[in-house]
A.B. asks: 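Structure below; questions to follow.
Note that the structure is a prediction, hence the values are computed from the model and not measured.
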Amino acid sequence: MSSPHVAGLAALFKEKHPSWSPMMIKSALMTTGYERARRRHARPNTNPVLIFRQGAGHVQPNSALDPAWCTRRLE
């Protein structure tokens, strides 16, 4: 059920940053996400089954609006 939520966030990001490409919006959302199942100060889980089931993690819209790093385009 995350797809409609992320699509809505992408629309809001496009309104806030009209010059951002779809790739930049995707990058901002993915690089600011966090692992939901991870406990505080625990090591990251490297089990491939869990990684692929989770995807990029839980989105953080406030952090993604002003990411520290963002991919401009993929070539």
A.B. asks: Kindly write out the residues that satisfy side-chain contact (heavy atoms from CB on, under 4.5 Å) with Leu65, not counting sequence neighbours, or none if the list is empty.
C.D. replies: Phe13, Lys16, His17
A.B. asks: Nearest 0.5 Å, what's the OG-CE distance between Ser19 and Met24?
C.D. replies: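 Reported value, rounded in 0.5 Å steps: 6.0 Å.
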A.B. asks: State whether the number of non-hydrogen atoms from other residues, nucleotides or ligands found under 6.0 Å of Lys26 atom NZ is greater than 12.
C.D. replies: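 No, the 6.0 Å shell around NZ holds no more than 12 heavy atoms from other groups.
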A.B. asks: Between Gln60 (side chain only) and Thr32 (backbone N and O only), is there a donor and an acceptor less than 3.5 Å apart?
C.D. replies: yes
A.B. asks: What is the minimum heavy-atom distance between Leu29 and Ala64, and which atoms define it?
C.D. replies: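 Where Leu29 meets Ala64 most closely, the heavy atoms are CD2-CB, 4.0 Å.
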A.B. asks: Would Leu9 and Ile25 show up in the same hydrophobic cluster when neighbours are defined by side-chain heavy atoms closer than 4.5 Å?
C.D. replies: yes
A.B. asks: When you measure from the side chain of Ser27 to the backbone N and O of Met23, does any donor-acceptor pair fall under 3.5 Å?
C.D. replies: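 Absent.
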